[in-house]
**Q** 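Here it is: the structure, laid out below.
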Amino acid sequence: MKTCLFLVLASASMLASAAPVDAFAKAQRLVDIGGRKLNLVCSGTGAPTVVFEAQSGSAGRVWWDVQPKVAARTRACAYDRAGFGFSDAAPRQADLASSVDDLHALLRAAGEKGPYVMVGNSLGGGIALLYRWRYPDEVSGLVLIEPMHEEDSARANAASQGKMAAMEAQNDAMMVACTDQGAKGFVAGTELYDACIGGVMPSFPKALGSVDLQQRRTPAYWKAMRAEQQALPADFAQLRAARTSLGNLPLIVLARGVSPYAVPGQPQSDLNKATELANFSLQAETAALSKQGNVVVVAGAGHVVQETHPQAVVAAVDDVVERVRQGAK
């Protein structure tokens, strides 16, 4: 495995101007996957088709600044998981296996052609990995951004000497409170509204941010959020059971360069350093699953790299797409 400490150059497709955000601010193609519909946004032509998978609690709109730039070079698709964005909810556990089933049904029903290069952030990375393990002939390359690992919680908790478990317990309690309030309706200006909803996401353009804010106020959004959180034990078990070598699959893992737990303006604590080292070791282990696996630490980026450093994601996707094309010759 080759480990890189910085992203060297952005690719030429970075220079392509982004498509209008209207494609992500409203439903595009509602594809029936068997009694319910998922929203799909595709553009561009060429092979391989790149499929984007969002992080936990997020719709496909998080790729608004990446998908169009990738589509300047090849076919690219983003979608909303069940219960998010413009997709219907699903009457089952929101675990990785269910998401893989949905994505597989979506791509087939939409007539998209593989094998695909799959791009996933966090939980979305876990979905992309499990998809590759379940359908190895349908995935020709992977770009994983801080991907979920079955040892995420255990190793972070050990490295932080229990602080991570305490933080996760607080997050769980807040999720329950937000879900309960979401069912009743949020009242702007209240403490719980500010804690759960906040305001418009600064990373989104105005039109997109407005739609996102509106959806985050709905009971359906919080129900879907809670469902994904409750499925985490199943997610870890599924990844652990499926984990195996990826052979020579073209693979890039993007890792954060900035700790989400560091206190701004203060020296990094030893516990924080240990937690970040544990996180990097997980990214390195995932990259090592393939003989063509690279780890790239994106300087200045946090967990959601596409939000602050979309060009790093575009460059990684371009790299993997090119390797897949060269391998197909």
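These numbers come from a predicted model, not from an experiment. The figures that follow rest on heavy atoms only: side chains count, while hydrogens, waters and symmetry mates do not.
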**Q** Would you call D235-R240 a salt bridge at under 4.0 Å N-O?
**A** no
**Q** Return the CG to CD1 distance between L239 and I127, rounded to the nearest 0.5 Å.
**A** 10.0 Å
**Q** Salt bridge or not between R132 and D137? Use side-chain N to carboxylate O under 4.0 Å.
**A** no
**Q** Any ion pair linking D318 and R73 (charged N to carboxylate O, less than 4.0 Å)?
**A** yes
**Q** Under a 3.5 Å cutoff, is there a donor and acceptor pairing between the side chains of N39 and Q28?
**A** no
**Q** Is it the case that the side chains of E138 and Y131 hold a donor-acceptor pair, with the cut-off being a distance below 3.5 Å and no angle test?
**A** yes
**Q** Can S99 and D102 be counted as having a side-chain donor-acceptor contact under 3.5 angstrom?
**A** no
**Q** Less than 4.0 angstrom from a charged side-chain N to a carboxylate O is my criterion; do D319 and R323 meet it?
**A** yes
**Q** For A128 and L144, work out which heavy atoms get closest and say how close.
**A** CB-CD2, 4.0 Å
**Q** Thinking salt bridges, do D80 and R61 make one under a 4.0 Å N-O criterion?
**A** no
**Q** Looking at D180 and K184, does any basic side-chain N land under 4.0 Å from a carboxylate oxygen?
**A** no
**Q** Around atom CZ of R108, are there more than 12 heavy atoms from other residues, nucleotides or ligands closer than 6.0 Å?
**A** no
**Q** So among H303, Q306, E146, E307, which one has a side-chain hydrogen bond (donor to acceptor under 3.5 Å, both in side chains) with Q55?
**A** Q306
**Q** Is V304 linked to W64 within one hydrophobic cluster, defined over Ile, Leu, Val, Met, Phe, Trp and Tyr using a side-chain heavy-atom separation of less than 4.5 Å?
**A** no
**Q** Charged N to carboxylate O below 4.0 Å: is that the case for D65 and K69?
**A** yes
**Q** Could you label the plane-to-plane angle of the Y221 and F84 rings as parallel, tilted or perpendicular, counting under 30° as parallel and over 60° as perpendicular?
**A** perpendicular
**Q** Rounded to the nearest 0.5 Å, what's the gap from CZ on F236 to NE2 on H149? Could you check?
**A** 10.0 Å
**Q** How long is the gap from CG on L30 to CG on D88, to the nearest 0.5 Å?
**A** 7.5 Å
**Q** Give me the ring orientation class for F186 and Y193: parallel if the planes are under 30° apart, tilted from 30 to 60°, perpendicular past 60°.
**A** perpendicular
**Q** Does any non-hydrogen side-chain atom of T49 lie less than 4.5 Å from one of K113?
**A** no
**Q** Is there a donor-acceptor contact under 3.5 Å linking the side chains of S56 and E228?
**A** yes
**Q** Pair E276, Q268 - check side-chain contact (heavy atoms from CB on, under 4.5 Å), show working.
**A** CA-CA 10 Å; E276 290 307 293; Q268 190 178 24; 3.8 Å; yes
**Q** Just verifying a value: how many Å separate D270 CG and L277 CG, rounded to the nearest 0.5 Å?
**A** 12.0 Å
**Q** Just by distance, with hydrogens left out, do S58 and R81 show a side-chain donor and acceptor under 3.5 Å apart?
**A** no
**Q** As an exercise, state the distance from CE of M167 to CG of D172, rounded to the nearest 0.5 Å.
**A** 12.5 Å
**Q** How long is the gap from CG on L103 to CG on L96, to the nearest 0.5 Å?
**A** 12.0 Å
